[in-house]
Amino acid sequence: MAWNEPGNNGNDKDPWNKKGGRDQGPPDLDEVFRKFSGKFGGLFGGNKSGNGGGLGGAGLSFVLIIAAIVWALSGIYTVKEAERGIVLHFGQFDRIADPGLRWKMTFIETVIPVDIEAVRSLSTSGFMLTEDENVVSVEFQVQYRVIDPFLYKFSVTNADSSLEEALESALRYVVGHSKMDQVLTNGREVVRQNTWDELNKIVEPYNLGLIVTDVNFKDSRPPAEVKDAFDDAIAAQEDEQRFIREAEAYAREIEPRARGQVTRMTQEAEGYGERIILEAQGEVARFEKLLPEYQAAKKVTRERLYIDAMEEVLGNSSKVLVDVKGGNNMMYLPLDKIMDKQGNATRVALPSSSDINDLRNKVNTSRNSTVNSSSDRFGADRFNDGR
């Protein structure tokens, strides 16, 4: 049964009962504290009797111990992986704290954490004068990070502000030595690189503890008052580049075709030359074979050559000679074939009757002389040569 149940004599089990059976209530906290401080006071040479009033030397020692523990614990701090801690001893630089769990003396040392891996950025913009005395609006951005925490914090008053001023100075210098077209159109990369180089030259003597990782040419435009005219100029330049590209493409298309035509014409010329040479060589060979025959019978050979030549000439013409018995020669002109060859739009000049008669007389005379010479030739040569 519990000590405080009804009907039960719980005085014997009451935890607050003291010897002698009197109910004295909860213990006095002052008495407990005095006993506790008495035990520790004996360790530091204090009064062990416990009859002294207040805390005394033992209490002061206890307070000092607690304060020392709190002070020691308050000096524990952590440096992140991406940070470095600048430890100042009474305001003077003492060391650089690496990442991890560290301890400092509170109220004596101060730790300033600096992030050395984060990439920071700042930008500058404004109207700037170019080399050709034009005004352009330029916006520039730079990215950087800290490489030396001590120099970043103590080399100058504010490293970020100093870098921004150096960026503006470098940008104005580069823009002032560039033409407007270079800043606005095709020379942006050159302006960007020159600005980067000039910025490094400016910040190097100040030892800011920074390194510039990249610079960006964000925007460049003319003033609003001349924006329309400048847009027209940009459009004209773009058209110029487009026409140049089209001309180059046309040239690349035409050049192979022209080269092919040149090659074809060269090959045709070479083939024609070879054909003419071979024909000439054949004519020479035929003449060399005909020469002995001509030397043996000059008249017959000459007439033979004449007949062959006339046959070749008259064979390619559209005129037909008809030999009619009875001595009358008639010449026939195929006008329908001549008109078909010349086309419907071509007019054919018909020969007159006098021209036809003259031509008929010449043909008869030639025919008679040919027949007579042929008969004389075949009669004389045949019997004179003994054939």
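The structure presented is a predicted model; accordingly, all values stated were derived computationally and were not measured.
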Taking all non-hydrogen atoms of both residues into account, name the closest pair between [X] and [Y] and its distance.
X: S162; Y: V156; result: OG-CG2, 3.9 Å
X: A251; Y: P256; result: O-CD, 4.4 Å
X: A297; Y: T301; result: O-OG1, 2.6 Å
X: E83; Y: P99; result: O-CG, 3.6 Å

Quick check on the hydrophobic clustering: are [X] and [Y] connected, directly or via other members, by side-chain heavy-atom contacts under 4.5 Å?
X: W71; Y: I65; answer: yes
X: I108; Y: L73; answer: yes
X: W196; Y: I202; answer: no
X: L151; Y: I112; answer: yes
X: Y152; Y: L122; answer: yes

Legend entry - Chi angles and distances behind the side chain to side chain contact (heavy atoms under 4.5 Å, CB included) call for I147, R145: CA-CA 7 Å; I147 58 174; R145 62 184 182 87; 4.0 Å; yes

Side chains of [X] and [Y]: closer than 4.5 Å at any heavy-atom pair?
X: K218; Y: F140; value: no
X: L199; Y: V212; value: yes
X: I96; Y: V87; value: no
X: M180; Y: D132; value: yes
X: L171; Y: T124; value: yes
X: T195; Y: Q193; value: no
X: R84; Y: V114; value: no
X: I76; Y: L101; value: yes

Testing the 3.5 Å rule here: is there a donor-acceptor pair between the side chains of [X] and [Y]?
X: Y173; Y: N194; value: no
X: R188; Y: S220; value: yes
X: Y144; Y: D214; value: no

Inset, instruction - Assess whether side chain to side chain contact (heavy atoms under 4.5 Å, CB included) is satisfied between V183 and F217, documenting all intermediate values. - result: CA-CA 10 Å; V183 178; F217 204 157; 4.0 Å; yes

Inset, instruction - Please test V203 against L210 for side chain to side chain contact (heavy atoms under 4.5 Å, CB included), starting from the C-alpha separation and ending with a verdict. - result: CA-CA 9 Å; V203 300; L210 304 175; over 6 Å; no

Distance, nearest 0.5 Å, that separates [atom1] of [X] from [atom2] of [Y]:
X: S121; Y: D160; atom1: OG; atom2: CG; value: 10.5 Å
X: S74; Y: I69; atom1: OG; atom2: CD1; value: 12.0 Å
X: D148; Y: I116; atom1: CG; atom2: CD1; value: 9.5 Å
X: Y206; Y: E165; atom1: OH; atom2: CD; value: 9.0 Å
X: D115; Y: K80; atom1: CG; atom2: NZ; value: 8.5 Å
X: E139; Y: Q141; atom1: CD; atom2: CD; value: 8.0 Å

Please indicate whether [X] has more than 12 foreign heavy atoms, meaning atoms of other residues, nucleotides or ligands, lying under 6.0 Å from its [atom1].
X: R259; atom1: CZ; answer: no
X: E279; atom1: CD; answer: yes
X: E268; atom1: CD; answer: yes
X: E246; atom1: CD; answer: yes

Inset, instruction - For side chain to side chain contact (heavy atoms under 4.5 Å, CB included), just list the numbers for V136 and T130, CA-CA rounded to whole Å, side-chain angles, deciding distance to a tenth of an Å, and then say yes or no. - result: CA-CA 7 Å; V136 293; T130 61; 3.8 Å; yes

Legend entry - Note: E168-R172 ion pair, threshold 4.0 Å (strictly below):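 Here E168 pairs with R172 in a salt bridge, since their nearest N and O are under 4.0 Å apart.
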
Inset, instruction - Give a yes or no on whether a salt bridge exists between R286 and E283, defined as a side-chain N under 4.0 angstrom from a carboxylate O. - result: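 Yes, R286 and E283 are salt-bridged.
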
Legend entry - Backbone N/O of A72 and side chain of W103: donor-acceptor pair under 3.5 Å: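 Pair found, side chain donor or acceptor close to backbone of A72.
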
Inset, instruction - Return yes if some donor-acceptor pair links the side-chain N/O of S169 with the main-chain N/O of A166 below 3.5 Å, else return no. - result: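 Checked: no pair found.
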
Inset, instruction - Evaluate the criterion salt bridge (Lys or Arg N to Asp or Glu O under 4.0 Å) for residue pair E109 and R95; output intermediate values, then yes/no. - result: CA-CA 11 Å; E109 295 180 344; R95 64 185 182 278; 3.3 Å; yes

Legend entry - Stepwise ring-ring contact (aromatic ring centres under 6.0 Å, His included) test for F154 and F93: CA-CA 9 Å; F154 300 106; F93 174 75; 7.1 Å; no

